[in-house]
Amino acid sequence: MIKAIGIDVGSTTAKIVGVNESGEFVWSYIEPADPRVEDQVERFLEKVREMAGSIEGIPIVATGYGRNLVHQATKKVTEITCHARGVFKQLGHGGTLVDIGGQDSKVIVIGPHGEVVDFTMNDKCAAGTGRFLENTAGRLRVKLEEMGNVALSAPEEVKISSTCTVFAESEIISMIAHGVRVEPILKGLHRSLVKRIVAMIRSVGLVPPLMLSGGVVKNPAIRKMIEEETGEKVILPDHPQFMGAYGAALIGLKLGKG
Amino acid sequence: MVKIPKRHEVCRKFKEQGGKVAAVLPIHYPRALLRAFDILPVEVWGPPQVDVSYGGAHLQPYVCSIVHNALSFLKTGGLDETDLIIVPHTCDSLQGFGSILLDFVKPRQPVFPVYLPRGKRQEDVEFLVNEFKSLYRGLEKITGKSPKTDEILKRIEIEEKADAKLKELYEIRGEFSFESGKAKSRSSKGDALSTYDFYRVVRAREFLPVEEFIELADEVISEYSFVREGVPVILSGIVPEPMEVLNAIEEAGGFVVADDLACCGRRLYGGGKSSEPLKRMAERIIFGPPDVTRGNLIEERFEHLKYLAEVTGARGIIFYTVKFCEPELFDLPDLKNMLKSAGIPSVQVEIDIGDPLPHQTITRLTAFLEVLA
Ligand code: SF4
């Protein structure tokens with residue numbers, strides 16, 4: 001039985017999560033982000049109605065960059081707070097959470113009681129985000145889902161000097177023109193993204209354990225390289241892509257209980 | 001909304017009354033000296049809405065937007081109404097700006113650089129006094145006036161009164177005392193003054209004749225109510241542009257209780273002591289609140305911010321920095337660490353003053369306030 005709903009309107013995908021009385025993750029749904037946020041949210045809520053009947057009186061908390069367009073929301077909370085809430089509830093401990101989203105990435109230090117101690121976001125540029133890989137995947141004609149494994153299959157890697165997505169793309173074009181193979185280029189690209197992320201981790205200071213969330217964690221090369229670069233084992237929650245929406249639902253649950 | 005005349009209206013009126021107008025670049029300069037020559041200082045913090053490509057022809061891309069915009073503003077006629085330009089040596093970028101004006105752009109108006117010492121020794125005071133002497137001689141030349149000691153002292157007195165009034169405004173609004181004494185209490189009446197409006201008033205000090213500023217401050221104190229509501233934070237940095245950032249903080253549940261902004265709190269100079277006017281002005285600037293551009297140590301800034309947080313009850317600090325502002329950015333890593341060790345959380349956001357407020361910045365500020373709440 002759904003007792004609270006969390007909606008995460010991200011830049012690449014929109015997610016909705018329902019939780020039960022004890023805050024367990026009981027239902028979720030994801031779609032690519034629709035620029036008509038209001039319509040998409042209405043569709044999402046319709047899905048909940050179909051499944052659970054009325055949503056009357058169920059608290060809805062919105063998060064993500066489109067949170068302010070969720071007019072049905074009881075409350076709007078930033079991704080930072082929501083991710084911390086969701087991950088803490090699932091894993092049961094604090095540490096450093098790295099969330100790599102489609103268009104922004106964040107590093108959140110979570111305290112022993114689930115509180116946000118510090119955070120940083122890469123918010124102005126697509127480098128260090130999923131978009132960096134997405135853009136270059138297209139150029140290299142490799143499917144996004146396969147990128148990680150293709151990168152890991154390369155015994156060597158080339159160094160990508162540009163951290164900027166647009167410049168990286170031109171660097172790749174020139175490498176291809178010089179006959180460099182796709183696999184080492186891909187490996188270098190992953191390394192470049194991971195180095196950006198690791199710089200963010202260092203700027204807040206790594207408090208172990210290291211946890212990962214966001215759509216990009218499906219990519220095995222990112223996980224492996226973060227472990228290589230930080231020397232820390234990475235822990236994943238059960239539903240890494242839904243942590244923002246889950247945390248939002250948990251905040252909603254608390255609101256509902258007054 | 002508090003009624004404040006526009007900068008160009010103020011300039012026009014002042015000139016109609018026979019005075020001259022000086023365009024003054026940030027941050028510290030002798031206001032009273034200019035007024036003793038019947039010159040109105042009108043400060044140029046950017047400004048935000050200009051076509052920056054004009055300045056870009058002369059400046060490297062890594063020079064801050066305040067300097068880029070100021071040069072573009074000048075090149076597009078924004079400073080045509082002014083009679084002289086004063087460029088304090090605030091940072092390398094502004095010093096470079098002064099040199100570009102003198103050697104290459106050569107505007108119609110005379111340009112006066114003012115070199116600021118980086119320290120608080122007696123020699124630094126003497127250095128600044130000498131700078132003011134040379135500025136005095138320059139102003140003598142362009143105005144034909146030679147104000148006497150008592151005339152300058154009179155102007156200093158009014159400026160000091162205005163600065164004291166400004167402090168009072170902060171104290172009433174934030175319900176605290178800079179001197180750590182009892183907070184000033186005041187009955188609430190009239191409309192509540194928003195943070196945005198409060199800073200419009202504070203920033204009117206950048207261009208209003210001092211007498212009008214005092215009147216404005218008195219009017220605001222008597223006609224508005226001040227409500228301290230939300231999570232108290234200190235805003236640090238150079239300038240709150242775009243000013244919508246103040247609304248964003250308020251909407252996210254924050255209350256800017258005090259600031260360490262170059263255009264505002266870092267110029268809450270204390271009253272002077274010396275009866276020698278140039279020395280008095282120099283001392284006021286040199287012994288003002290800590291400012292990295294005057295060479296104050298990180299430790300002094302830390303102590304100042306810690307003290308401000310104590311007396312105001314601020315729970316955190318927002319560093320609102322201008323991109324490529326070297327002096328600010330050099331200090332920040334250590335300053336933030338020192339604050340963190342003292343249990344004062346902070347967040348840093350970076351802006352280009354001409355850009356609209358990005359939603360990512362709002363998210364970052366909101367998240368920070370959620371953490372503090
Ligand atoms: S913002 Fe920084 S770099 Fe730019 S003029 Fe001001 S002090 Fe200088």
Side-chain angles (χ1 to χ4, degrees), chain A residues 8-11 37 61-69 75-85 88 94 97 99 101-111 113-126 128-129 131 164 199-200 202-205 207 244 247-248 251 254, chain B residues 61-62 65 231 233 242 244-245 247-254 315-324 329 331-373:
Chain A
D8 179 358
V9 184
S11 53
V37 174
V61 171
T63 187
Y65 97 106
R67 64 185 176 278
N68 289 326
L69 294 171
K75 192 175 175 165
K76 291 148 189 172
V77 182
T78 64
E79 307 83 288
I80 303 289
T81 303
C82 290
H83 274 83
R85 256 337 134 79
F88 184 76
L97 171 68
D99 179 82
Q103 211 145 271
D104 67 8
S105 299
K106 37 202 165 286
V107 176
I108 310 167
V109 178
I110 305 172
H113 309 293
E115 75 282 14
V116 175
V117 177
D118 203 354
F119 69 91
T120 186
M121 295 166 73
N122 115 313
D123 49 13
K124 284 226 181 98
C125 154
T129 72
R131 188 54 53 89
C164 161
M200 282 167 62
R202 295 212 173 102
S203 79
V204 288
V207 178
I251 292 169
K254 212 166 161 201
Chain B
Y62 52 80
S65 48
V231 179
V233 286
E244 284 67 34
V245 68
N247 291 337
I249 293 172
E250 205 169 73
E251 278 158 24
R315 287 195 223 154
I317 299 178
I318 297 170
F319 289 103
Y320 192 70
T321 54
V322 174
K323 201 167 172 182
F324 302 126
L329 297 173
D331 264 15
L332 277 188
D334 287 347
L335 186 56
K336 285 173 67 186
N337 277 338
M338 289 165 91
L339 290 164
K340 195 171 176 180
S341 312
I344 304 171
S346 64
V347 70
Q348 183 192 348
V349 288
E350 205 176 55
I351 47 114
D352 252 326
I353 62 158
D355 287 351
L357 193 65
H359 81 84
Q360 292 98 327
T361 301
I362 299 175
T363 294
R364 199 181 270 229
L365 293 173
T366 311
F368 182 61
L369 289 161
E370 284 171 2
V371 171
L372 298 184

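From a predicted model like this one, the values you see are computed outputs, not experimental measurements. Just so it is clear: chains get the letters A, B, ... in the order the sequence lines come, proteins before strands, and each one is counted from 1.
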- Query: NZ of A:Lys75: more than 12 outside heavy atoms within 6.0 angstrom?
  - Reply: no

- Query: Taking non-hydrogen atoms and a cut-off under 4.5 angstrom, which of residues 337-347 of chain B neighbour chain A?
  - Reply: B:Lys340, B:Val347

Could you check if a side-chain atom of [X] sits within less than 4.5 angstrom of a side-chain atom of [Y], using non-hydrogen atoms only?
| X | Y | result |
| --- | --- | --- |
| A:Asp118 | B:Lys336 | no |
| A:Phe119 | B:Arg364 | yes |
| A:Val116 | B:Glu370 | no |

- Query: What's the verdict on side-chain contact (heavy atoms from CB on, under 4.5 Å) for B:Gln360 and A:Asp104, showing C-alpha distance, side-chain angles and the deciding distance?
  - Reply: CA-CA 9 Å; B:Gln360 292 98 327; A:Asp104 67 8; 5.5 Å; no

- Task: Using the test salt bridge (Lys or Arg N to Asp or Glu O under 4.0 Å), find all partners of A:Arg85 that sit at least two apart in sequence or belong to another chain.
- Result: none

- If you round to the nearest 0.5 Å, how far is NZ of A:Lys106 from OG1 of B:Thr363? 9.0 Å

- Can you measure from OG (A:Ser11) to NE2 (B:His359) and round to the nearest 0.5 angstrom? 7.5 Å

- Item | A:Asn68 versus chain B, the contacting section by heavy-atom distance below 4.5 Å | neither

